Amino acid sequence: MMSQPYIGLFTDGAEQWCQKLGLGAPQFTDTEKTYYTALRQSHKLYEMSYSDYLSALMEKFKASDDYFYKIRRLREKLLGYYNVGTDLCNSHFCGNTILCALYTPVDTLNDKEIGPWIRDISVVSGKLAGFFDCKNFPPYNYDNNILVKYEDYHFYKNCPLKNKTELGFLLFSILCSVNYAIKFIDQYFIEEIPQKFKFAYLQYYYLCDFIKELNEANGTNFHLDDSLKNRSFRNCLAHYGLGQFLSESDLIVDDPLKGLTNKAFNIDYFSTKEKLYCFLQELSDQIKAEILLPCF
């Protein structure tokens, strides 16, 4: 479910692009159009103001807490119930169910048929992916040796946070979204695919301003180097077209991003990715030191 914003980016962008070029690809139904238009916007959560994001996140948290409180069994009434699930990759928190609910533009708790519904509305994504002729490109390889698991917690009574506040949970969610890109996606895909850079950069772009606003609101001092923040570059990664930014003479065919980083930053792809990951890792380390208990 942590991949939903990126699936939305691909599906909505590909469907629009195919229609503009008259390629005869699968087209959205009205329901799919509404869903994927909203889903792709979820990659912009950190474009929201700090107060709006905190309100939206805690609204989903309360909904989860209320839901799991009501369905407690006797044992859970005695020992405590779980209201937040987390994903871990090689012991790094890479997702949580509240963040996933915020990503997904439908109620993921109260409809018993929501799983089959999401499955069915996702079929068009597979059809669009299958529409493109990729016979000349080998399939991606995955590292199945990485340790992926999940842990459920009772926030805040029994959870990995030493900062058991709304701010603590917000920072935990930032940590999850950053780690999903730089810890899970980067390690799970063996080849150097452009999605590794893209997913991380989209988080980075919006976090640059969000972190500053978070600091102002809370008197904190988190730092995220914003020297790679570039609006035109972000637009290219978000499916607004390379032609707005690159000329044909700028193209580098064997580059994972076809010369985009060279054009934007005068740096090759691998050096730019190293800087980007370094900036995000520095932020991740700051947040971990602030909110996580020593045993995590």
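Since the structure is predicted, the reported quantities are computational estimates derived from the model, not experimental observations.
- Panel note: side chain Tyr50, backbone Asn218; no donor-acceptor pair is recorded below 3.5 Å.
- Defined by atom type and a distance below 3.5 Å, a donor-acceptor pair is missing between the side-chain atoms of Asn235 and Ser232.
- The CD atom of Glu113 sits 12.0 Å away from atom CD1 of Ile118, with the distance rounded to the nearest 0.5 Å.
- The side-chain heavy atoms of Leu228 and Thr272, taken from C-beta on, include a pair separated by under 4.5 Å.
- With hydrogens and angles disregarded, no donor-acceptor distance shorter than 3.5 Å links the side chain of Ser42 to the backbone of Ala38.
- Looking at Lys70 and Asp66, no side-chain N of the basic residue comes within less than 4.0 Å of a carboxylate O on the acidic one, giving no salt bridge.
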(request) For the pair Tyr156 and Phe61, evaluate ring-ring contact (aromatic ring centres under 6.0 Å, His included) and give the outcome as yes or no after the intermediate values. (result) CA-CA 11 Å; Tyr156 295 97; Phe61 178 91; 5.4 Å; yes
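- Using a 4.5 Å cut-off on side-chain heavy atoms (C-beta onward), Lys275 and Phe279 make contact.
- Among pairs with a residue in residues 13-26, those fulfilling side chain to side chain donor-acceptor pair (under 3.5 Å) read Asp12-Gln16, Glu15-Gln19, at least two apart in sequence or across chains.
- The aromatic ring centres of Tyr82 and Phe155 sit 6.0 Å or more apart.
- No more than 12 heavy atoms of other residues, nucleotides or ligands lie within 6.0 Å of CD in Glu274, so this atom counts as exposed by the packing criterion.
- A side-chain donor-acceptor contact under 3.5 Å links Lys162 to the backbone of Ala289.
- No side-chain heavy atom of Ile190 sits less than 4.5 Å from a side-chain heavy atom of Tyr140.
- Tyr269 and Asn262 share no donor-acceptor pair across their side chains, judged by distance under 3.5 Å alone.
- The distance from the CG atom of Asp143 to the CG atom of Asp186 is 11.0 Å, given to the nearest 0.5 Å.
- In the model, Ser177 has a side-chain atom that pairs as donor or acceptor with a side-chain atom of Tyr46 under 3.5 Å.
- With a 4.5 Å cut-off on side-chain heavy atoms, Phe189 and Phe184 do not count as touching.
- Side-chain atoms of Arg40 never come within 3.5 Å of backbone atoms of Thr37 as a donor-acceptor pair (strictly under, hydrogens ignored).
- For Glu59, the CD atom is loosely surrounded, since the number of other residues' heavy atoms within 6.0 Å does not exceed 12.
- When side chains are defined from C-beta on, Asp225 does not count as touching Leu283, because their heavy atoms never get closer than 4.5 Å.
- No hydrogens or angles considered: nothing links the side chains of Lys196 and Gln187 as a donor-acceptor pair under 3.5 Å.
- For the residue pair Thr261 / Asp268, no side-chain donor-acceptor distance below 3.5 Å is found, with atom types taken as modelled.
- Here the side chain of Asp255 pairs a donor or acceptor atom with the backbone of Leu257 at under 3.5 angstrom.
- Using modelled atom types, one side-chain atom of Gln286 and one backbone atom of Glu282 make a donor-acceptor pair closer than 3.5 Å.
- Ring-plane geometry between Tyr201 and Phe197 is classed as parallel, the angle between the planes falling under 30 degrees on a 0 to 90 degree scale with a further cut at 60.
- The distance from the CG atom of Asp87 to the NE2 atom of His92 is 14.0 Å, given to the nearest 0.5 Å.
- There is no side-chain donor-acceptor pair under 3.5 Å between Asp52 and Ser55.
- Surrounding NZ of Lys164 are more than 12 heavy atoms belonging to other residues, nucleotides or ligands, all under 6.0 Å away.
- At most 12 heavy atoms of other shown residues, nucleotides or ligands fall within 6.0 angstrom of atom NZ in Lys127.
- Side-chain N/O atoms of Tyr81 and Arg73 include no donor and acceptor closer than 3.5 Å.
- Looking at Glu192 and Lys273, a side-chain N of the basic residue comes within less than 4.0 Å of a carboxylate O on the acidic one, giving a salt bridge.
- Annotation: cation-pi pair Arg231/Phe233 absent, no NZ/CZ under 6.0 Å from the ring centroid and within 45° of its normal.
- Salt-bridge annotation for Asp226 and Lys212: present, with a side-chain N of the basic residue lying under 4.0 Å from a carboxylate O of the acidic one.
- Ring-plane geometry between Tyr180 and Tyr6 is classed as parallel, the angle between the planes falling under 30 degrees on a 0 to 90 degree scale with a further cut at 60.
- Under 3.5 Å, the side chains of Thr165 and Asn163 contain a donor-acceptor pair of N or O atoms.
- Proximity of Leu260 to Ile252: side-chain heavy atoms (C-beta onward) are nowhere separated by under 4.5 Å.
- Shortest non-hydrogen contact noted between Ser173 and Asn96 is OG-ND2, 3.3 Å.
- Geometrically, Lys229 engages Tyr205 in a cation-pi contact defined by less than 6.0 Å to the ring centre and at most 45° from the axis.
- Applying the 6.0 Å contact sphere to CZ of Arg119 captures more than 12 heavy atoms from other residues, nucleotides or ligands.
- The number of heavy atoms from other shown groups lying within 6.0 Å of CG (Asp107) is above 12.
- With hydrogens and angles left out, the side-chain atoms of Thr31 and Thr29 include no donor and acceptor closer than 3.5 Å.
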